[in-house]
Amino acid sequence: MEWSGKKMNKKLRSLICFALIVVISIPTISIVFAGKPDKGPIEKKVFIHRVKPDNPGKPPKPEGRGKEWYKYSGIHWASTDLPVTYVVDDGLDLDVIVTSFEIWDSETSTELFFEGVQGEATAGFLDDTNALSYGNYPSAGVIAVTYIWYNGYTGEIVEVDTLFDTDYTWGDATGNPDVMDLRNIATHEIGHWMVLDDLYNRPARMQTMYGYSTYGETIKRTLESGDIAGLESIYGE
Ligand SMILES: [Zn+2]
């Protein structure tokens with residue numbers, strides 16, 4: 001009995017201690033927030049690129065059509081953050097990723113990205129590094145995922161990461177239609193770094209920002225009229 005009483009006392013003391021710590025911390029926390037009124041809550045936007053085996057090959061491009069095919073959410077890079085730096089994980093082909101960034105960067109006079117560096121990086125975590133890496137996303141049928149963390153008040157981007165799912169065999173599909181083409185998927189995902197959203201309407205299926213892909217697909221390696229129109233509407237020609 002005595003022992004359990006002691007135990008109770010100990011529990012009670014721990015509780016009082018905890019309550020005191022909470023009460024003491026509240027004003028401190030408030031001061032921290034009050035001191036940085038511009039720091040809004042960090043919110044996360046996640047773009048999940050799914051597989052769709054019946055995605056058709058590139059249809060013939062009708063001249064002058066497709067200009068309307070882009071979508072922009074308003075999340076943006078702070079102009080003071082440009083050009084943005086990014087790290088390509090050691091396991092990922094640096095040249096392919098750099099080429100995929102450059103195809104976007106070459107369509108606007110604004111310099112958006114420094115050339116990426118190779119290093120150790122893990123996508124999917126808010127860690128002050130804009131990272132691209134292979135990784136295993138828990139759901140099936142997901143080819144790649146791009147995460148954008150941004151300030152919920154200002155819409156300014158805090159960090160962007162892209163994960164390429166190891167459920168798939170990656171490579172260069174121009175020589176082997178049985179692989180997931182890294183450059184094809186990277187060019188689409190980097191469109192999200194440009195802050196363009198996915199398109200799911202069938203008529204937009206020729207655009208790089210179309211939200212589905214499949215093994216052997218390479219049509220997203222090049223930008224189409226909607227992708228370029230979207231980019232220019234955000235960053236200028
Ligand atoms: Zn996407």
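These values consider heavy atoms only, across backbone and side chains, with no hydrogens, waters or symmetry-generated copies.
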Verify the neighbour count for atom CD of Glu115: are there more than 12 heavy atoms of other residues, nucleotides or ligands below 6.0 Å? no
Separation between CZ of Arg50 and CD1 of Ile143, rounded to the nearest 0.5 Å: 10.0 Å
Taking all non-hydrogen atoms of both residues into account, name the closest pair between Met180 and Val51 and its distance. CE-CG2, 4.4 Å
Please check if the side chain of Glu159 supplies one atom and the backbone of Asp127 the other of a donor-acceptor pair under 3.5 Å. yes
For a 4.5 angstrom cut-off between non-hydrogen side-chain atoms, does Thr110 reach Leu82? yes
Would you name the heavy atoms of Ser213 and Lys220 that are closest together and state the gap between them? OG-NZ, 3.1 Å
Do Leu231 and Tyr70 pass the side chain to side chain contact (heavy atoms under 4.5 Å, CB included) test, and can you show the C-alpha distance, the side-chain angles, and the key distance before you say yes or no? CA-CA 9 Å; Leu231 185 77; Tyr70 69 84; over 6 Å; no
Between Tyr210 and Ala204, what is the shortest heavy-atom contact and its length? CB-O, 3.6 Å
Just wondering, do Trp77 and Leu112 contact through their side chains at under 4.5 Å, heavy atoms? no
Check whether any side-chain heavy atom of Arg205 sits under 4.5 Å from a side-chain heavy atom of Ile219, and report yes or no. no
Once the angle between the rings of Trp149 and Tyr147 is folded into 0 to 90°, is it parallel (under 30°), tilted (30 to 60°) or perpendicular (over 60°)? parallel
Could you walk me through whether Leu196 and Ile234 satisfy the side chain to side chain contact (heavy atoms under 4.5 Å, CB included) test, starting with their C-alpha distance in whole Å, then the side-chain angles of each, then the deciding distance to 0.1 Å, before giving a yes or no? CA-CA 9 Å; Leu196 291 171; Ile234 303 168; 3.9 Å; yes
CG-CE distance between Leu199 and Met209, expressed to the nearest 0.5 angstrom: 7.0 Å
Working for side chain to side chain contact (heavy atoms under 4.5 Å, CB included), residues His192 and Val160: CA-CA 9 Å; His192 294 313; Val160 182; over 6 Å; no
Are Thr222 and Asp227 side-chain neighbours, meaning at least one heavy-atom pair lies under 4.5 Å? no
Any luck finding a side-chain donor-acceptor pair between His49 and Asp198 under 3.5 Å? no
For Asn130 and Val84 the tightest heavy-atom approach is ND2-CG1, 3.4 Å
When you look at Tyr134 and Leu182, which way does the side chain to side chain contact (heavy atoms under 4.5 Å, CB included) test go after all the steps? CA-CA 11 Å; Tyr134 286 118; Leu182 180 62; 4.0 Å; yes
Same cluster (ILVMFWY, side-chain, under 4.5 Å), Val87 and Val96: no
Path from Phe113 to Val98 over hydrophobic side-chain contacts below 4.5 Å: yes
Would a single hydrophobic cluster contain both Leu163 and Leu126, if residues Ile, Leu, Val, Met, Phe, Trp and Tyr are joined by side-chain heavy-atom contacts under 4.5 Å? yes
How many angstroms lie between atom CD1 of Ile228 and atom OG of Ser233, to the nearest 0.5 angstrom? 12.0 Å
Asn136, CG: over 12 other non-hydrogen atoms inside 6.0 angstrom: yes
Pairs involving residues 167-195, ordered by first then second residue, that meet salt bridge (charged side-chain N to carboxylate O under 4.0 Å, His left out) (sequence neighbours left out): Asp172-Arg221, Asp181-Arg221
OG1-CD1 distance between Thr162 and Ile148, expressed to the nearest 0.5 angstrom: 8.5 Å
The reported gap from CD1 in Ile185 to OG1 in Thr218 (rounded to nearest 0.5 angstrom) is 10.5 Å
From CZ (Phe164) to CG (Asp93), nearest 0.5 Å: 10.5 Å
Heavy-atom closest pair (Val142 atom, Asp165 atom, distance to 0.1 Å) is O-CB, 3.2 Å
Mind checking whether Trp193 and Phe101 have parallel, tilted or perpendicular rings, split at 30° and 60°? perpendicular
Closest non-hydrogen atom pair between Asp89 and Ser133, with its separation: CB-CB, 3.5 Å
Centroid-to-centroid, Tyr200 to Tyr212, below 6.0 Å? yes
May I ask you to test the Asp90-Leu92 pair for a side-chain heavy-atom distance under 4.5 Å? no
Without swapping roles, check the side chain of Asn151 against the backbone of Glu156 for a donor-acceptor pair under 3.5 Å. no
Does Ile190 share a hydrophobic cluster with Val158, counting links as ILVMFWY side-chain heavy atoms below 4.5 Å and allowing steps through other members? no
When you measure from the side chain of Thr169 to the backbone of Val179, do you find a donor-acceptor pair of N or O atoms at a distance under 3.5 Å? no
When hydrophobic residues are tied together by side-chain contacts of less than 4.5 Å, even through go-betweens, does Tyr150 share a cluster with Tyr72? yes
Scan for ring pair (Phe, Tyr, Trp, His ring centres under 6.0 Å) pairs involving residues 213-237, sequence neighbours excluded, and state none if there are none. Tyr168-Tyr215
Are any of the side-chain heavy atoms of Ser73 and Lys71 separated by less than 4.5 Å? no
Quick check: do His188 and Ser100 have side-chain heavy atoms less than 4.5 Å from each other? no
